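Reading through the structure tokens given below for one structure.
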Amino acid sequence: MARRMVAWVLRAKKKPRDIFLATATHAHHDHTEGLKVLQELTGCRVALHKQARRLGARRDPEHHLLGRLRERISAFLAIRANDTREPRWAFDVTDWLADGNRLPGGWQVLYTPGHSPDSICLHHARGKVLLAGDTLVSCDGELQLNPFRADEEVMDLNINRLESLRVEMVYPGHGRPRFGQQRFRRALHRQARSAVQRRLRAFFVSAS
């Protein structure tokens, strides 16, 4: 994908170094593995949310047994070596993002943890576009909040924030783009109903 991006720039009569900044919506490996090659080809800066600093270069421990095993071994070796340095990335992270930061081209960083502690969306208010990362996914022709969540309650808190956005185009991290404010709101309302149901169940369980 990194090489395809560079080829597209060349076809547009521009130079690879015109790609001067790259980011990812979170640090899971399926969203970051192209950054090393892209940085090598273009010399671009790479920006991640500051919460990714705590995660280091973990490779999707929520979903991959091998990733969890690798993480535990690395942590054990670091303790044995009394190594307190930050984990190293395969690429050079030059910028750490925070909620509300503005990026070139009119994009704003929205901190939306839940799928992972460092998840963000990128919103273009004028274009009414949302780059949703893995906060939203497209499945079976519908848009929905990602069912794979590291923190269910935190994900629920994102609903009000996302509802306040004017969004006509959603580009999820997985699945096809989806268009229309109504489809966007419908995905959020489905999640809101399930959140209420979870809270009611938790209340009755604690009451009993």
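For this chain, numbers begin at 1 and follow the sequence in order. All heavy atoms count here, side chains included; hydrogens, waters and symmetry mates do not. Please read all numbers here as calculations on a predicted model, not as lab measurements.
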Looking at [atom1] of [X] and [atom2] of [Y], how far apart are the two atoms once the value is rounded to the nearest 0.5 Å?
X      : Y      : atom1 : atom2 : value
Leu10  : Asp18  : CG    : CG    : 9.5 Å
Arg185 : Gln181 : CZ    : CD    : 4.5 Å
Phe91  : Glu33  : CZ    : CD    : 9.5 Å

| request: Kindly indicate, with the supporting measurements, whether the criterion side-chain hydrogen bond (donor to acceptor under 3.5 Å, both in side chains) is fulfilled by Ser119 and Thr112. | output: CA-CA 5 Å; Ser119 286; Thr112 53; 5.7 Å; no
Check whether any side-chain heavy atom of [X] sits under 4.5 Å from a side-chain heavy atom of [Y], and report yes or no.
X      : Y      : result
Leu136 : Leu130 : yes
His31  : Thr25  : yes
Met169 : Lys128 : no
Asp118 : His26  : yes
Leu122 : Leu103 : yes
His28  : His115 : yes
Phe179 : Val170 : no
Asn158 : Leu188 : no

| Where His123 and Val129 come nearest, the two heavy atoms and their spacing | CD2-O, 3.3 Å
| said: Looking at every heavy atom in both Pro147 and Val137, which two are closest together, and how far apart are they? | reply: CD-CG2, 4.2 Å
Just by distance, no angles: are the side chains of [X] and [Y] close enough, under 3.5 Å, to form a donor-acceptor pair?
X      : Y      : value
His174 : Asp134 : yes
Ser138 : Arg178 : yes
Gln108 : His124 : no

| task | Please assess His189 against Ile159 for the test side-chain contact (heavy atoms from CB on, under 4.5 Å), listing each intermediate value before the final yes or no. | result | CA-CA 8 Å; His189 290 166; Ile159 297 173; 6.0 Å; no
| field | Leu48 and Leu97: CA distance, side-chain angles, deciding distance, side-chain contact (heavy atoms from CB on, under 4.5 Å) verdict | value | CA-CA 6 Å; Leu48 297 177; Leu97 302 174; over 6 Å; no
Look at the side chain of [X] and the backbone N and O of [Y], then say whether any donor-acceptor pair between them is shorter than 3.5 Å.
X      : Y      : answer
His49  : Ala52  : no
Thr23  : Ala47  : yes
Gln39  : Cys44  : yes
Gln51  : Ala98  : no
Arg102 : Trp107 : no

| field | Worked check of side-chain contact (heavy atoms from CB on, under 4.5 Å) between Thr135 and Leu162 | value | CA-CA 10 Å; Thr135 298; Leu162 293 173; 4.2 Å; yes
| Is any NZ, NE, NH1 or NH2 atom of the basic residue among Asp99 and Arg161 found under 4.0 Å from an Asp or Glu carboxylate oxygen of the other? | yes
| query | Are any of the side-chain nitrogens in Arg186 or Glu142 under 4.0 Å away from the carboxylate oxygens of its partner? | reply | yes
| field | Full working for side-chain contact (heavy atoms from CB on, under 4.5 Å) between Leu165 and Leu110 | value | CA-CA 11 Å; Leu165 304 177; Leu110 302 177; 3.6 Å; yes
